[in-house]
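For reference, positions follow the sequence shown, starting with 1. Here the structure is a predicted model, which is why all the values come from computation and not from measurement.
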Amino acid sequence: MSKSAKAYNPLSVLADDPQGRSLGLELPPGAVIGTPGRRRWGKTAEPLVWVSDEAVGIGALAAHRSPALAAAGLQAVLFQDRRGLERWWQDREFSPERMSDPDDHHVEPVLREFWGRVVPDPEEGEEGEEIIAPFGRDWPGLADPGSAGPDGPDPEAAACALADELIEEGALPAPRLALVPAGRPADVPTAVGWGGPTNYENDTALISTVLRSWEDRFGARVVALGFDELHLSVAAPPRTVVRALPVAAEHFALAPDNIWQGSGSIRAYADETVTGSGHWGFWWD
C-alpha cells in the first residue's frame with residue numbers, strides 16, 4: 001500500500017459504522033473487507049476496502065464521490081464482477097503487501113521499460129514495424145498534455161458522467177460501490193493490491209505511476225475496476241490523431257493486449273480509441 005494509506009486508515013471507522021455517518025457520509029449497506037491472509041499469522045486483518053452489499057445504479061458514484069469522502073481519506077470507485085468471477089474482491093484477489101509505493105517511481109522510466117517489453121522483435125520485419133508505426137523500436141517519449149478547453153468538464157464530473165454512461169450502456173451491468181483509502185484516484189489499484197495486470201506486471205504501483213501522470217496530463221480518473229479490467233474517464237483527451245499517436249504508444253506500453261488483441265496497430269488504435277475519447281479502457285489477458 002502507499003505510504004499515505006498506512007499512516008491513517010479511515011476504513012477502521014467504517015468497520016463499526018458501515019454507513020459512514022461519523023464521517024459525514026450516507027452509504028448504502030456494505031461491509032469492510034480486510035487484508036487477506038493476515039489472521040493465519042495471529043495478526044488482525046487490516047481494513048482494505050469497503051464494498052456495497054448490492055449493485056448500485058446510475059448516479060451512485062456522483063452521490064458518493066464527494067469532498068466529504070476525499071476529506072475522510074477515501075476514494076470512491078466501482079467494482080465490476082464478471083461471469084465465473086462474481087464478487088472476485090472477496091476471494092483473496094488482493095495482495096497489497098506485494099506492491100511497492102508509487103512515490104518511488106517516475107513515469108518515463110516505467111513506460112520506457114514497458115515499451116521495451118512489447119516492441120516487436122526485428123525478426124518480425126515489416127509486420128512488426130506496422131504494429132508500432134509511426135514509431136520505431138526506441139521509446140518515443142511522453143505525449144504532450146491534453147487540453148479540455150474553456151468549456152471542458154471537471155475531471156471529477158467527467159468520472160461520474162462516465163460511470164453513469166457505462167452503467168446505462170451495460171458495460172458495467174451490476175457494479176458495486178467501493179471505498180478505498182488512497183490519497184488520489186490513481187493510487188486506488190495499488191492501495192488495494194489489485195492484481196488485474198498480474199500476467200503482465202506484478203507490481204501495481206508501476207501502473208499507478210502511469211495513472212498519476214495521466215491524471216496530471218489528461219484529467220484522467222479511475223472509475224471502475226474489474227477482475228482484469230480498468231476503466232478511466234478522461235477530461236482532456238488528445239483532439240487530433242497526431243496528438244493521440246504518442247498517447248496510443250503509452251497505452252500499448254501499459255496494456256499491449258488493447259492493440260495485440262484489439263485494433264492491431266498503434267495507428268489504428270489512436271484513431272479508433274484515443275482521439276477525442278473520454279473513456280480509456282484497459283484489460284490484461
Side-chain angles (χ1 to χ4, degrees), residues 1 4-5 8-39 43-96 156-157 159-185 187-196 221-231 233:
M1 293 180 66
S4 59
Y8 166 67
N9 193 332
L11 291 179
S12 299
V13 177
L14 291 183
D16 299 320
D17 176 22
Q19 289 189 285
R21 291 191 176 96
S22 62
L23 297 175
L25 308 175
E26 195 67 39
L27 300 172
V32 172
I33 297 173
T35 307
R38 294 289 180 87
R39 283 195 173 93
K43 298 180 180 179
T44 302
E46 181 181 351
L48 189 62
V49 58
W50 177 97
V51 183
S52 64
D53 291 338
E54 303 296 335
V56 296
I58 291 173
L61 194 63
H64 296 98
R65 198 154 169 156
S66 64
L69 193 73
L74 294 168
Q75 300 291 333
V77 295
L78 300 176
F79 281 176
Q80 178 60 50
D81 58 20
R82 77 177 192 192
R83 189 181 302 275
L85 291 168
E86 292 79 7
R87 301 186 182 223
W88 52 266
W89 51 87
Q90 295 181 342
D91 295 330
R92 299 183 181 274
E93 294 294 341
F94 296 131
S95 302
E156 288 300 315
C160 296
L162 178 64
D164 290 349
E165 180 182 327
L166 295 178
I167 293 171
E168 186 174 23
E169 291 177 349
L172 298 176
R176 307 299 178 92
L177 180 67
L179 305 184
V180 179
R184 56 192 293 180
D187 290 353
V188 164
T190 302
V192 296
W194 180 59
R221 295 292 186 270
V222 173
V223 170
L225 297 173
F227 177 75
D228 55 5
E229 297 178 3
L230 174 65
H231 296 274
S233 61

Would you name the heavy atoms of [X] and [Y] that are closest together and state the gap between them?
X    : Y    : answer
A178 : V49  : CB-CG2, 4.1 Å
P47  : V32  : CB-CG1, 3.7 Å
P96  : L48  : CG-CD1, 3.8 Å
P173 : G170 : CD-O, 3.4 Å
D164 : G59  : OD1-N, 2.8 Å

Look up atom [atom1] in [X] and atom [atom2] in [Y], then write down how far apart they are to the nearest 0.5 Å.
X    : Y    : atom1 : atom2 : result
Q80  : R176 : CD    : CZ    : 9.0 Å
D17  : Q19  : CG    : CD    : 7.5 Å
D81  : F227 : CG    : CZ    : 12.0 Å
L11  : L23  : CG    : CG    : 9.5 Å
L177 : D53  : CG    : CG    : 11.0 Å
R21  : L14  : CZ    : CG    : 12.0 Å

Among all residues two or more places apart in sequence or in another chain, which pass the ring-ring contact (aromatic ring centres under 6.0 Å, His included) test with H231?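 Applying ring-ring contact (aromatic ring centres under 6.0 Å, His included) to H231 gives H279.
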Given S52, which partner from the list P29, P18, P28 fulfils the side chain to side chain contact (heavy atoms under 4.5 Å, CB included) test?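 That would be P28.
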Within the structure provided, determine whether L225 and L230 are in side-chain contact (heavy-atom separation under 4.5 Å).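 Side chain of L225 against side chain of L230, heavy atoms only: contact under 4.5 Å found.
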I want to check something: taking the side chain as every heavy atom from C-beta on, are I167 and P175 in contact at a cut-off of under 4.5 Å?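 The answer is yes; the side chains approach within 4.5 Å.
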If only atom types and distance count, is the side chain of N9 paired as donor or acceptor with the main-chain N or O of P181 below 3.5 Å?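 Flag not set: sc N9 to bb P181 has no pair under 3.5 Å.
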Stepwise side-chain contact (heavy atoms from CB on, under 4.5 Å) test for L78 and L166: CA-CA 11 Å; L78 300 176; L166 295 178; over 6 Å; no
Passing option when F79 is tested against W194, W50, W89 for ring pair (Phe, Tyr, Trp, His ring centres under 6.0 Å):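 That would be W89; it is the only one of W194, W50, W89 passing the ring pair (Phe, Tyr, Trp, His ring centres under 6.0 Å) with F79.
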Determine all donor-acceptor pairs shorter than 3.5 Å in which one atom belongs to a side chain in residues 61-76; sequence neighbours excluded.
{"from": "H64", "atom 1": "ND1", "to": "A60", "atom 2": "O", "distance (Å)": "2.9"}
{"from": "H64", "atom 1": "NE2", "to": "E26", "atom 2": "O", "distance (Å)": "3.3"}
{"from": "R65", "atom 1": "NE", "to": "E156", "atom 2": "OE1", "distance (Å)": "2.7"}
{"from": "R65", "atom 1": "NH1", "to": "A76", "atom 2": "O", "distance (Å)": "3.0"}
{"from": "R65", "atom 1": "NH1", "to": "V222", "atom 2": "O", "distance (Å)": "2.9"}
{"from": "R65", "atom 1": "NH2", "to": "V222", "atom 2": "O", "distance (Å)": "3.3"}
{"from": "S66", "atom 1": "OG", "to": "L69", "atom 2": "N", "distance (Å)": "3.2"}
{"from": "Q75", "atom 1": "NE2", "to": "A182", "atom 2": "O", "distance (Å)": "3.4"}

